[in-house]
Amino acid sequence: MRRFPSSLLQFTSRDRLPSYTAIGMLSGAVWYFSIDFEPSFTGLLAGAASTGALAWWSRRLRRVTILFVLAVFGFATVLGALAGSLATQRLSHVQLDQPVGPVLVEGWIVNAEPARRGVRVVIRTHAIDGLAEDQIPKTVRLTHIARFSTEPGRFVRCWSVLRPPPAPVIEGDYAFDRQAWYSGLGAVGFVQGRCQGGVIGAPTRATAAAALEIGQARRRLAQHVRAAAGERTGGFAAALASGDRSFLSQTDQEALRGAGLAHLLAISGLHMGIVGGLVFVMVWRGLALIEPVALQGSTKKPAAIAALLVCATYLIISGASVSTQRAFVMAVILFGAVLIDRAALTQRSLAVAMIVIIVIAPWSVLTPGFQMSFAATLVLIATYEAWQVRRRAQMKPQKGAAFWLKSLLMTSCVTSLATMPFAIYHFERVAGLGIIANTLAMPIISLLSAPLAACALVLAPLRLDEPVLWAFGITLEWVLAIAHTVGAWSLFEPLRLPKMPAASLALFSVSMCVICLSRAGHARVWIAVGVALIAGLTWFASAKDRVHWAPSGDVFLEPAHGEIERIRFIAGDGLGPLRFSGLEERVVCDGVDVCQLSYRSQKIILYGKQGPVPCDLVSSADIVLTNARAPRDCEAGDGTLILNWSDVMRENGITLERRGNAFHKKRKPDCGNRPWRPCR
């Protein structure tokens with residue numbers, strides 16, 4: 001066999017092998033959760049055994065071969081898919097298979113967060129009228145539209161309408177059913193009226209009772225921080241301190257998203273890094289001032305232990321979401337490296353963190369939090385390493401305000417560019433001025449807000465934290481002012497990009513990995529640019545004109561390039577696409593007998609009148625959407641598509657896609673092949 005030069009990939013270097021292994025496991029996990037069938041567990045075991053044996057055998061050769069490269073990457077890929085399969089097999093919980101209600105739902109409130117209308121309340125169920133004990137979901141999520149007057153940890157009774165977790169109704173929509181399955185969520189719905197408090201003790205299970213106690217402690221912390229920080233920024237301060245967003249106004253949330261500062265709301269690597277880093281520096285420098293302690297040995301290790309304890313506490317009080325768990329794992333690896341005298345911020349530590357999270361929660365690989373946080377951290381570490389090499393080559397120490405501002409601007413630029421493809425894919429928005437907003441806001445967060453929050457934590461046992469929290473609120477008011485100002489500029493608001501396909505996102509990710517992990521010199525830049533160009537061409541070539549008729553009754557006209565129109569037609573009981581949930585209705589055809597539209601040289605007729613569709617309308621239209629039936633003796637035009645509302649409800653939405661000069665019905669993935677998407 002021809003030898004493969006190790007200098008081309010630098011695959012066997014000690015600091016790169018964990019990175020490539022992590023990427024392989026990531027690829028396998030993404031493959032497992034993206035396919036529309038359940039792979040054989042025995043087949044995955046056999047694949048892991050064969051690729052592992054092949055990697056072990058090829059590693060014994062003196063020089064690295066292409067066989068070893070492929071075997072190691074293949075072994076890691078199979079391990080990632082195997083982690084997903086094991087996670088699916090160890091889950092066993094109840095989900096509703098059909099709508100229920102109105103029924104009385106009894107249980108304990110676990111969490112509450114703001115929604116577009118009202119508050120979303122997560123309830124750990126105790127009983128549901130009409131359902132046997134083995135048919136009751138463990139947790140349900142209800143939208144509480146009326147004034148929310150109960151607290152997490154309280155036992156409530158809610159007159160509610162429940163439905164199974166919704167599956168995507170169009171291609172590329174958010175797979176809420178998959179996320180609900182792995183989060184243990186068995187039903188969603190809404191409350192009719194208001195939830196009423198009840199009198200009952202805590203759950204008998206120790207873990208459930210402890211979770212409610214933590215929820216109550218989080219709520220008390222959020223209320224205390226909100227009251228002390230002030231009316232204007234109290235909700236923002238409570239969200240940063242406890243992860244409870246129920247006090248944060250919808251206006252402030254939209255401003256933070258529009259300015260590219262929404263990452264401040266997710267308790268993730270930024271918050272955990274600031275909290276752990278501050279504690280580490282304070283303890284490290286504080287112990288260094290005590291001469292007997294400093295002379296006994298390194299003061300970094302006690303500081304690392306203190307930082308780990310504080311990070312663990314922050315993990316608990318912030319709700320231990322997936323993003324927070326991921327940040328805690330990375331903090332454990334970072335401060336653990338300090339304890340064993342290793343370099344903390346390296347590609348190796350990032351790779352180990354990714355491997356651990358894929359093993360613990362493999363389903364999180366498709367979430368935007370996982371992808372954006374690891375992408376930002378990967379690019380930051382690669383930039384830091386390149387900067388260090390350049391500084392050593394110049395032999396000039398760089399300090400001062402100019403160097404600090406340059407570092408801040410570089411950090412904002414590279415993180416914004418690294419997370420931009422993922423933000424466009426998941427949220428279909430471009431925070432083009434996010435670099436400016438982050439450059440202005442992050443010094444306030446890092447130099448003022450975070451130290452004040454740490455001081456408040458230290459002074460809380462002495463009940464002297466309220467003045468510090470008030471100052472903390474003032475600094476956050478400056479951040480909100482930046483968010484509202486930058487968000488109001490709306491420079492990129494008119495820009496309407498087509499939906500990015502998953503293939504383009506994968507290619508953008510490959511380009512990022514090449515530029516950050518490869519050591520091929522200038523060649524890696526050209527390779528990364530070439531892959532990114534292919535991703536962009538694939539993206540814009542995949543854009544097609546589409547027509548969606550959702551189970552909500554709304555019709556959506558999605559052009560390949562341009563603004564999407566939402567048309568109200570029929571009052572359906574189902575749900576619309578989550579992608580388009582925030583769109584305003586442009587055209588109203590509800591209550592109109594005949595609604596004629598012109599879309600991409602196609603004549604679309606929405607027939608809302610009872611009775612058969614007139615033959616003259618059928619023959620003159622390209623697409624007919626109706627709640628009635630078309631007479632059999634009608635002569636439809638060449639290529640005329642007739643869609644009936646009953647078919648939309650049965651198929652959970654219908655999508656028409658333009659191919660050539662006509663629209664064709666797009667086939668939906670089969671249900672029943674994955675545990676989180678049964679046929680209902």
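Quantities reported herein were computed from a predicted structural model and do not represent experimental measurements.
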What pairs meet the side-chain hydrogen bond (donor to acceptor under 3.5 Å, both in side chains) rule with one or both residues in residues 74-89, with sequence neighbours excluded?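 Every side-chain hydrogen bond (donor to acceptor under 3.5 Å, both in side chains) pair that includes a residue of residues 74-89, provided the two are not neighbours, is Tyr32-Thr88, Thr88-Tyr182.
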Are Glu558 and Arg579 within salt-bridge range, i.e. N to O under 4.0 Å?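 Yes, this pair counts.
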Is the closest side-chain donor-acceptor distance between Asp554 and His548 under 3.5 Å? no
Between [X] and [Y], what is the shortest heavy-atom contact and its length?
{"X": "Pro501", "Y": "Ser542", "result": "CG-OG, 3.3 Å"}
{"X": "Pro39", "Y": "Trp31", "result": "CB-CH2, 4.1 Å"}
{"X": "Val161", "Y": "Gln192", "result": "CG2-NE2, 3.8 Å"}
{"X": "Ala48", "Y": "Val78", "result": "N-CG1, 3.4 Å"}
{"X": "Ala662", "Y": "Gln602", "result": "CA-NE2, 4.4 Å"}
{"X": "Ala83", "Y": "Pro362", "result": "O-CG, 3.5 Å"}

Counting N and O atoms only, with roles assigned by atom type, does the side chain of [X] sit under 3.5 Å from a partner on the main chain of [Y], one being a donor and the other an acceptor?
{"X": "Thr143", "Y": "Phe190", "result": "no"}
{"X": "Ser504", "Y": "Trp539", "result": "yes"}
{"X": "Asp622", "Y": "Lys603", "result": "yes"}
{"X": "Thr377", "Y": "Phe374", "result": "no"}
{"X": "Gln95", "Y": "Leu185", "result": "yes"}
{"X": "Ser183", "Y": "Ala180", "result": "no"}
{"X": "Arg674", "Y": "Phe37", "result": "yes"}
{"X": "Asn644", "Y": "Asn627", "result": "no"}

Could you go through the side-chain contact (heavy atoms from CB on, under 4.5 Å) check for Leu142 and Val188 one step at a time? CA-CA 6 Å; Leu142 304 175; Val188 297; over 6 Å; no
Within 45° cone and under 6.0 Å: Lys499 NZ/CZ vs Tyr425 ring: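 Yes; both conditions hold, so Lys499 lies above the ring face of Tyr425.
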Go through the structure and list residues passing side chain to side chain contact (heavy atoms under 4.5 Å, CB included) with Val531, not counting sequence neighbours. Leu507, Val510, Ser511, Ile527
Start with the C-alpha gap between Val365 and Ile358, add the side-chain angles, then the distance that decides, and say whether side-chain contact (heavy atoms from CB on, under 4.5 Å) holds. CA-CA 7 Å; Val365 297; Ile358 292 174; 4.0 Å; yes
Less than 6.0 angstrom separating the ring centers of Trp549 and Trp645, yes or no? yes
Could you walk me through whether Val555 and Val547 satisfy the side-chain contact (heavy atoms from CB on, under 4.5 Å) test, starting with their C-alpha distance in whole Å, then the side-chain angles of each, then the deciding distance to 0.1 Å, before giving a yes or no? CA-CA 7 Å; Val555 178; Val547 177; 4.2 Å; yes
Name all residues meeting the side chain to side chain donor-acceptor pair (under 3.5 Å) criterion together with Arg677; count only those two or more places apart in sequence or in a different chain, and write none if there are none.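 For Arg677, the residues satisfying side chain to side chain donor-acceptor pair (under 3.5 Å) (neighbours in sequence not counted) are Asp177.
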Would you please test His484 and Asp252 for side-chain contact (heavy atoms from CB on, under 4.5 Å) and show each step? CA-CA 8 Å; His484 283 279; Asp252 288 342; 2.8 Å; yes
